[in-house]
Number of protein chains: 2
Amino acid sequence: MTALKVRSPRKPKGQGAERREEILDAALKLFSAKGLHTVSTRQIAEAVGISQPALYAYFATKDDITAELCIRAFAILVERMEAARADFIPTTQCFEKALRVYVDFGLQNPDAYRVAFMVEKGLDGTYKERVGDRPMMAGIGAFQRFAEIVAEMRDAGLTHDDDVQRMTQTLWAGLHGLVSLLIARPDFPWVEREVLIACHISLLRRGVLKGVG
Amino acid sequence: MTALKVRSPRKPKGQGAERREEILDAALKLFSAKGLHTVSTRQIAEAVGISQPALYAYFATKDDITAELCIRAFAILVERMEAARADFIPTTQCFEKALRVYVDFGLQNPDAYRVAFMVEKGLDGTYKERVGDRPMMAGIGAFQRFAEIVAEMRDAGLTHDDDVQRMTQTLWAGLHGLVSLLIARPDFPWVEREVLIACHISLLRRGVLKGVG
DNA sequence: CACAATAATCGATCAGTGATAACTTATCAC
DNA sequence: GTGATAAGTTATCACTGATCGATTATTGTG
C-alpha cells in the first residue's frame, strides 16, 4: 500500500459547495463499505483528495457529515412514502405495499437508517446537542406519512384500534424491529429474507387490521 | 474537579478474579450513567482505582468488558424466559405475559440489550472477530425459549402460521423494534409507555394467534 | 496589469482513545 | 531468605476528532 496522497485540485472561488458534495459522496461510499464507526475523517479526506482539517471548513463535526447523509436519505424515504400515499386506497394490498416501501428503504439505505434510528445517543445528551435531532426529525417525516395512511384505514373502519398515534407508533416499531435486526445482525440464521419480510408484514397487517386473517 | 487518583489496594495473590468483578461493576455503572461509547477505559480504571493498562490483565479488549456484561445480563433473561415457560399453558394470557417478560428485560437492561442487538458490527467483521458473537448467542438462548413457546401455541392450533422458526423470528423482530426504539430514542413523543407496550403486545398477539381480536 | 480581499486549503499540533511493552512490587510456597 | 509469579505500574505507540494560524490561489476592482 503506497497510498501516496493524491490531491484534488483546489476549487474555484465560489465552488466550495461542490467540494462539500464530494465529501458527502466519499463518506457515503466509505460508510457503506466499512461501516460507520470504522471510517475516520482522515480516510474521508484522503478519498476526497484534501487534507483532513479541510473537512472542517464544510462540516463542524464528523457527526454532521453522517447527519447530512442521513437527512438526504430520509428525504428519499418521505418521497417514496408520499408516492405510496398518492395512489393509496384503504385496502389490505395498499397497506402492505406501504409497509414494504419502508422495509425496502431501510435495507437499501442501511447506513442512513442506522444513523437515524440505531445510533447511540449518549445519555449525557452529547449526540443530541451536536447534531440535533435533525436526522431523526427527517425520519419522523416518514412516520407522519404512515400516520396518514393508518388514519385512512381507520376512517374506513378497518383497524382494531381507533387511536391513530398509538397504532402508528406500534406499527412503526414493528417494522423497525425487522429492518434494524436485518441490518445489525445479518449473520443470524434468518429464514429466507423475502419470505421473512412477507411474513412479517402479514403479521403486522393482521395486528392492525380487522377482517380476514 | 480535583480527581486525585485514589488507588485501590493491591489484591492478594489468588484474588485477581475479585478485581475482575470490580471492573465489571464499575463499567456497568458508568455505561448506565453515560452511555456505552462515551465511557473510556481510563474512566473505568479510575472508578476501580487502578491504572488503565491494568484492565488488560483481565480483559483482552474494551469490547470484551461490554461483552461479558452483556452475556451476564442475557443469562438473566434466559432465566426469566424459562420461568415464564415453566408455568406456561397455551393461552392468550400466558403468551402475552411471555412477550412482556422480554420487553421488561430490555428496558431494564438497556446497555446489555444495546450490545447484544443494536451495536454496530463493522462490515469488515472487526467486531465479530474480537468479541465473537458470544453476546448475541447469549441473546439467542432467549430466542430459543421463545421458539418453544411459539411451538406450543402452534401445537395447540392457535397460530396463523405453521412454521415456528419463521413465526418466532417475526415475533422477535416485532418485540425488538419496540424495545430498541424506546432505548435509542427516548425523546420521541411516544404515547404513554405502558399503554404503548400493551398496545404493541396486543398487536403482535393478534398477528401471531388466530381467534378473538 | 497590479492589488487587496477572501475563499480554499494546508501543516502542525492538541487532548483523548485503545492497546502494548517493559518494568516493578507485593505476596506466596518452600 | 529465596525464587517464582500474580498484580500493578509508568512510559509509550498509533490513531482519533478537532483547532490554530499561516498560506496559497483566485477573484473582482482600481
Side-chain angles (χ1 to χ4, degrees), chain A residues 1 3-23 26-27 30-31 34-68 119-120 122 124 126-127 129-131, chain B residues 1 3-23 26-27 30-31 34-68 119-120 122 124 126-127 129-131:
Chain A
M1 285 303 145
L4 304 159
K5 56 177 90 174
V6 181
R7 282 282 142 101
S8 163
R10 175 194 274 252
K11 293 291 171 190
K13 230 170 169 182
Q15 315 305 82
E18 190 176 314
R19 176 83 349 132
R20 202 184 140 91
E21 292 307 312
E22 291 178 16
I23 294 171
L30 285 171
F31 287 160
K34 307 209 222 175
L36 268 172
H37 272 305
T38 58
V39 176
S40 70
T41 52
R42 277 155 181 93
Q43 288 174 306
I44 298 172
E46 191 189 327
V48 176
I50 57 178
S51 70
Q52 180 252 358
L55 294 176
Y56 291 84
Y58 304 98
F59 300 93
T61 276
K62 188 195 179 187
D63 284 340
D64 283 350
I65 299 178
T66 70
E68 174 111 15
V119 158
E120 177 122 31
D124 51 356
T126 319
Y127 174 77
E129 275 162 37
R130 304 221 66 145
V131 112
Chain B
M1 287 303 140
L4 304 159
K5 57 176 89 173
V6 181
R7 283 279 140 102
S8 163
R10 174 195 276 252
K11 294 291 174 189
K13 226 167 172 184
Q15 316 303 74
E18 192 175 312
R19 179 78 356 129
R20 201 184 140 92
E21 291 307 311
E22 291 179 17
I23 293 170
L30 285 171
F31 287 159
K34 308 210 221 174
L36 268 171
H37 272 308
T38 59
V39 176
S40 70
T41 53
R42 279 158 180 90
Q43 287 174 304
I44 297 172
E46 191 189 326
V48 176
I50 57 178
S51 70
Q52 179 253 355
L55 295 176
Y56 290 84
Y58 303 100
F59 299 94
T61 275
K62 188 194 179 188
D63 284 340
D64 282 351
I65 299 178
T66 71
E68 174 111 15
V119 157
E120 177 123 30
D124 49 358
T126 320
Y127 173 78
E129 276 163 36
R130 304 222 65 147
V131 112

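Basis for what follows: all heavy atoms, side chains included, without hydrogens, waters or symmetry-related copies. Numbered from 1 within each chain, the chains take letters A, B, ... in sequence-line order.
- Nucleotide dG18(C) holds its P atom 10 Å from the CG atom of Asp63(B), rounded to whole Å.
- What separates CZ of Arg19(A) from C1' of dA25(D) is a distance of 13 Å, to the nearest Å.
- For the pair Arg7(B) CZ and dA26(C) C1', the interatomic distance rounds to 16 Å; values are reported in whole Å.
- One atom, OH of Tyr58(B), and another, P of dT20(C), lie 17 Å apart when rounded to the nearest Å.
- What separates CD of Glu46(B) from P of dT17(C) is a distance of 11 Å, to the nearest Å.
- Between Arg20(B) and Tyr58(B) the shortest heavy-atom distance is NH1-O, 2.9 Å.
- Spacing between atom CD of Glu18(B) and atom P of dT27(C) amounts to 14 Å, rounded to whole angstrom units.
- Contacts between residues 49-56 of chain A and DNA chain D, counted as heavy-atom distances below 4.0 Å, involve Gln52(A), Pro53(A), Tyr56(A).
- Without hydrogens or angle criteria, Gln43(B) side chain to Ser40(B) main chain gives a donor-acceptor distance under 3.5 Å.
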Atom pairs, protein N/O to nucleotides 13-16 of chain D N/O, distance under 3.5 Å:
from    : atom 1 : to       : atom 2 : distance (Å)
dT16(D) : OP1    : Ser40(A) : OG     : 3.3

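- Interatomic distance, Glu21(A) CD to Gln15(A) CD, rounded to the nearest 0.5 Å: 12.0 Å.
- Summarising the geometry of Phe31(B) relative to Ile44(B), their closest heavy-atom pair is CZ-CD1, 4.4 Å, with the distance given to 0.1 Å.
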Below 3.5 Å between N/O atoms, which protein atoms pair up with nucleotides 28-30 of chain D? Just atom names and distances, please.
none

All N/O contacts under 3.5 Å from nucleotides 4-6 of chain D to the protein, with atom names and distances to one decimal?
from   : atom 1 : to       : atom 2 : distance (Å)
dT5(D) : O2     : Lys13(B) : NZ     : 2.9
dA6(D) : O3'    : Lys13(B) : O      : 2.5

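- To the nearest 0.5 angstrom, Ser51(B) atom OG is 10.0 Å from Arg42(B) atom CZ.
- Between the CD1 atom of Ile23(A) and the C1' atom of dA8(C) there is a distance of 11 Å, given to the nearest Å.
- Residues Ala47(A) and Leu30(A) approach most closely at CB-CD1, 4.1 Å, considering heavy atoms.
- Residues Ala27(B) and Ile65(B) approach most closely at CB-CG2, 3.7 Å, considering heavy atoms.
- Partners of Lys11(B) according to the salt bridge (Lys or Arg N to Asp or Glu O under 4.0 Å) rule, which considers only residues two or more places apart in sequence or in another chain, are Glu18(B), Glu22(B).
- Nucleotide dA8(C) holds its P atom 12 Å from the CD atom of Glu22(A), rounded to whole Å.
- Among the protein residues, Ala57(A) comes within range of the nucleic acid bases, having at least one heavy atom under 4.0 Å from a base atom.
- Of all non-hydrogen atoms in Ile50(A) and Ile23(A), the two that sit nearest each other are CD1-CD1, 4.2 Å.
- Between Thr66(A) and Asp63(A), the closest heavy-atom pair is OG1-O, 2.8 Å.
- Heavy atoms of Phe59(B) sit nowhere under 4.0 angstrom from any nucleic acid atom.
- Bending across the helix from dC1(C)-dG30(D) to dC30(C)-dG1(D), expressed as the angle between its end axes from five pairs apiece, amounts to 10° (10° rounding).
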